[in-house]
Structure formats: structure tokens, C-alpha cells
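Note that the coordinates shown come from a computational prediction; the quantities given were computed from them, not determined experimentally.
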Amino acid sequence: MRIDILTIFPEMFQGPFSHSIIKRATEKKLAEIHLHDIRDYSTNKHKRIDDYPFGGGAGMVMMIEPIAKCIDALKSKRKYDEIIFLTPDGEKLTQNISNRLSTYKNIIMLCGHYKGVDERVREQYITMEISIGDYVISGGELAAAVLSDSIIRIIPGVIGDETSALSDSFQDGLLSPPVYTRPSSYKGLKVPDILLSGNDKKIDEWRHEQAIKRTKNRRPGLL
Ligand code: ADE
């Protein structure tokens, strides 16, 4: 899978993309991430990419031209399955959306800033708008990093233990059950006996019960 990210802060992705699972996925060539600095597509001599809103009001608006030029250049090279704008007024991200996007070949993500982007970009280029939650962050970069991570980690072959991504919270509509590791007793705090019993069937049943109980208590809306 190839992800092209349009941003005015490409350096912001260095941290999240150079560690752990995303790093492994790119090293294994299961995922390719290409960062594009929107400023490189500005024809303005000061490399401006934003301007005052028509009609007045606070904040700046990202201009259509540099974004359109960058997307047109990418689209002339390959076909994209989805062109996603990260925005707090988009559709709220769910595991189902990430599952679907992880089956695609080429995706563009556009990171917004300031007061937003010229509406004509959304009308002419964007095929999907995603929010990572009902709160506002300073720009689309962290949201694009979250979305990329949630997509890439479930590409087959990225996580060594294939079943591990499938047993994540939300994959079966349930939260994950509690987990424990050594020591089996810490300052009198004991691990549930069933997990030490060696009875796989009983352990599976216990985990399923715990997942239901946890979901009922914490996120009843998921049931
Ligand atoms: N940009 C600012 N806030 C955002 C959010 N919650 N989701 C996606 N993009 C954003």
C-alpha cells in the first residue's frame, strides 16, 4: 500500500513513522509513505499557501492552487482509491473504516490547518473526510499519523503474529479482556487462577466473558 501525505509540516511525521510497527511495515515494503510539502507547490515567491478569507473573519484559509497542483501531479502518475481530508467535521474514524482502507492500494491524505482549506478543494478533490474524534487539534498531521498507523498495522504480514491484530479491541465489536504476565503474585496481588490452569478452552471462555463484561461496563453502546 502507498500513502501520500500532503502537509506543511513534513518533519512532524518523522517520530511516529520511524519506530515500531510502521517502521517494520515500510522496511518490509508492505507500506510506502511519501510526504509532500505543500509549500513546494506554491507559485508565490514567499511560498505562501494561505490567504485571508473572502467575506472577512478571523484566521487564514489554505489556498486551492498549491494543493490542487500537488494532487494533480500525484493523480497523473497512478490511480488513487481515496483522497482523504483530515478534519474535525469529517466522519468519525472507526475500526471498520481502517479495515476497509487497509485493503486499498493508493491513498492520499491532506492535512488541514488554520481556519480550513478553500471549500473548492473539498468539492473537487476530496473523496472522504475523516475526524479522529470530537475535539480539535492544531492540524491534520497528528490525525493523519493516527489514521496511517491504524491502517498499516492491520495489513497482513505487518504484525508478526497474524492473530494479534485480529484480537484487538473493536475488531470483534468488543473491548479486549484484561491481560497479566509474570510474576503470578506481586505483593499479594494475584493473577486469576484460571489463567494459570493450562485449560485453553476454559481460558478462552473466561476471556470472552471478561471482554463482554468490560464492554458492558465501559462502552455499552458497542454491544
Ligand atoms: N484536525 C483538527 N482536529 C482534527 C480532528 N479531530 N480529526 C481530524 N483532523 C483534525
Side-chain angles (χ1 to χ4, degrees), residues 1-42 49 62 64 66-113 116-118 121-133 137-160 162 164-166 168 170-171:
M1 143 173 276
R2 175 184 169 116
I3 302 177
D4 288 275
I5 300 179
L6 278 59
T7 169
I8 52 168
F9 294 124
E11 322 79 47
M12 276 186 78
F13 293 90
Q14 249 138 40
F17 289 166
S18 54
H19 296 280
S20 182
I21 289 172
I22 307 276
K23 183 181 176 205
R24 200 186 321 153
T26 47
E27 281 172 356
K28 282 194 193 170
K29 308 244 182 293
L30 294 167
E32 251 179 71
I33 299 169
H34 298 265
L35 298 168
H36 306 275
D37 190 338
I38 298 170
R39 280 184 208 286
D40 292 343
Y41 295 82
S42 169
I49 48 85
M62 288 173 75
I64 185 169
I67 296 171
K69 279 200 164 125
C70 183
I71 297 180
D72 285 340
L74 291 170
K75 280 173 54 169
S76 71
K77 297 206 178 87
R78 66 196 66 78
K79 198 179 160 336
Y80 283 90
D81 300 294
E82 213 72 82
I83 303 180
I84 301 168
F85 177 44
L86 282 307
T87 173
D89 56 6
E91 180 180 0
K92 217 189 284 178
L93 182 60
T94 60
Q95 187 65 51
N96 273 343
I97 295 177
S98 297
N99 289 352
R100 176 163 66 81
L101 294 175
S102 77
T103 65
Y104 290 167
K105 204 158 165 256
N106 301 307
I107 294 177
I108 292 176
M109 295 186 193
L110 170 64
C111 307
H113 263 273
V117 310
D118 190 304
V121 171
R122 297 170 79 158
E123 288 165 2
Q124 298 300 314
Y125 288 95
I126 300 300
T127 61
M128 190 177 186
E129 304 195 333
I130 293 183
S131 162
I132 57 162
I137 53 177
S138 315
E141 281 74 13
L142 293 176
V146 167
L147 178 61
S148 301
D149 186 305
S150 76
I151 293 171
I152 291 171
R153 64 189 298 285
I154 50 179
I155 295 173
V158 169
I159 294 185
E162 288 282 334
S164 156
L166 293 177
D168 286 340
F170 299 110
Q171 277 298 12

| note | With sequence neighbours left out, the residues meeting side chain to side chain contact (heavy atoms under 4.5 Å, CB included) with Ser131 are none
| query | Excluding sequence neighbours, so at least two apart, what forms side chain to side chain donor-acceptor pair (under 3.5 Å) with Glu32? | reply | His34
Distance-only donor-acceptor pairs under 3.5 Å for side chains of residues 151-159, two or more places apart:
unit_1 : atom_1 : unit_2 : atom_2 : d
Arg153 : NH1    : Asp168 : OD2    : 2.5
Arg153 : NH2    : Asp168 : OD2    : 3.3

| Test item: Asp149 and Ile21 side chains (from C-beta on) under 4.5 Å apart, heavy atoms | no
| message | According to side chain to side chain contact (heavy atoms under 4.5 Å, CB included), who are the partners of Ser20, at least two apart in sequence or on a separate chain? | response | none
| remark: CD1 (Ile67) and SG (Cys70) are apart, to the nearest 0.5 Å, by 9.0 Å
| query | salt bridge (charged side-chain N to carboxylate O under 4.0 Å, His left out): which pairs involve residues 33-42, sequence neighbours left out? | reply | none
| message | Applying side chain to side chain contact (heavy atoms under 4.5 Å, CB included), can you list everything that pairs with Glu123, at least two apart in sequence or on another chain? | response | Glu119, Arg120
| With sequence neighbours left out, what residues match Glu91 under side chain to side chain donor-acceptor pair (under 3.5 Å)? | none
| query | Tell me, do Ile84 and Leu101 make a side-chain contact under 4.5 Å, heavy atoms counted? | reply | yes
| said: Looking at Asn106 and Asp81, would you say the former's side chain and the latter's main chain have a donor-acceptor pair under 3.5 Å? | reply: no
| query | Quick one: does Ile33's side chain get under 4.5 Å of Ile22's, heavy atoms only? | reply | yes
| query | What distance do Leu147 atom CG and Ile97 atom CD1 have between them, rounded to the nearest 0.5 Å? | reply | 8.5 Å
| task | Find out whether Asn96 and Arg100 are in side-chain contact, i.e. whether some heavy atom of one side chain is under 4.5 Å from a heavy atom of the other. | result | no
| message | Around atom NZ of Lys28, are there more than 12 heavy atoms from other residues, nucleotides or ligands closer than 6.0 Å? | response | yes
Which donor-acceptor pairs under 3.5 Å do the side chains of residues 6-15 make with protein atoms, sequence neighbours left out?
unit_1 : atom_1 : unit_2 : atom_2 : d
Thr7   : OG1    : Phe9   : N      : 2.7
Thr7   : OG1    : Glu141 : OE2    : 2.6

| said: For the CE atom of Met62 and the CG atom of Asp118, what is their distance to the nearest 0.5 Å? | reply: 11.0 Å
| Heavy-atom pair of closest approach, residues Leu110 and Phe85 | O-CD1, 3.5 Å
| field | Pairwise side-chain contact, Leu86 with Val146, heavy-atom cut-off 4.5 Å (strictly under) | value | no
| message | If I compare all heavy atoms of Tyr41 with all of Pro66, which pair ends up nearest, and what's the gap? | response | CB-O, 3.3 Å
| message | Can you give me the closest heavy-atom contact between Met109 and Ala144, atom names plus distance? | response | SD-O, 3.8 Å
| query | Can you list the residues that meet the side chain to side chain contact (heavy atoms under 4.5 Å, CB included) rule with Thr127, with sequence neighbours excluded? | reply | Glu82, Ile83
| note | Sorted by chain and number, sequence neighbours left out, side chain to side chain donor-acceptor pair (under 3.5 Å) with Ser98 holds for Ser150
| query | Do Ile5 and Cys111 touch side chain to side chain, with heavy atoms closer than 4.5 Å? | reply | yes
| salt bridge (charged side-chain N to carboxylate O under 4.0 Å, His left out): which pairs involve residues 68-80, sequence neighbours left out? | Glu65-Lys69
| query | When rounded to the nearest 0.5 angstrom, what distance separates CG in Leu35 from CD1 in Ile3? | reply | 10.5 Å
| query | Between Ile49 and His113, does a side-chain contact (heavy atoms from CB on, under 4.5 Å) hold up when you go through it step by step? | reply | CA-CA 10 Å; Ile49 48 85; His113 263 273; over 6 Å; no
| query | Does a donor on one side chain and an acceptor on the other come within less than 3.5 Å for Thr87 and Asp89? | reply | yes
| query | What pairs of residues pass the salt bridge (charged side-chain N to carboxylate O under 4.0 Å, His left out) test when at least one of them lies in residues 103-112, not counting sequence neighbours? | reply | none
| Quick one: does Leu74's side chain get under 4.5 Å of Tyr80's, heavy atoms only? | yes
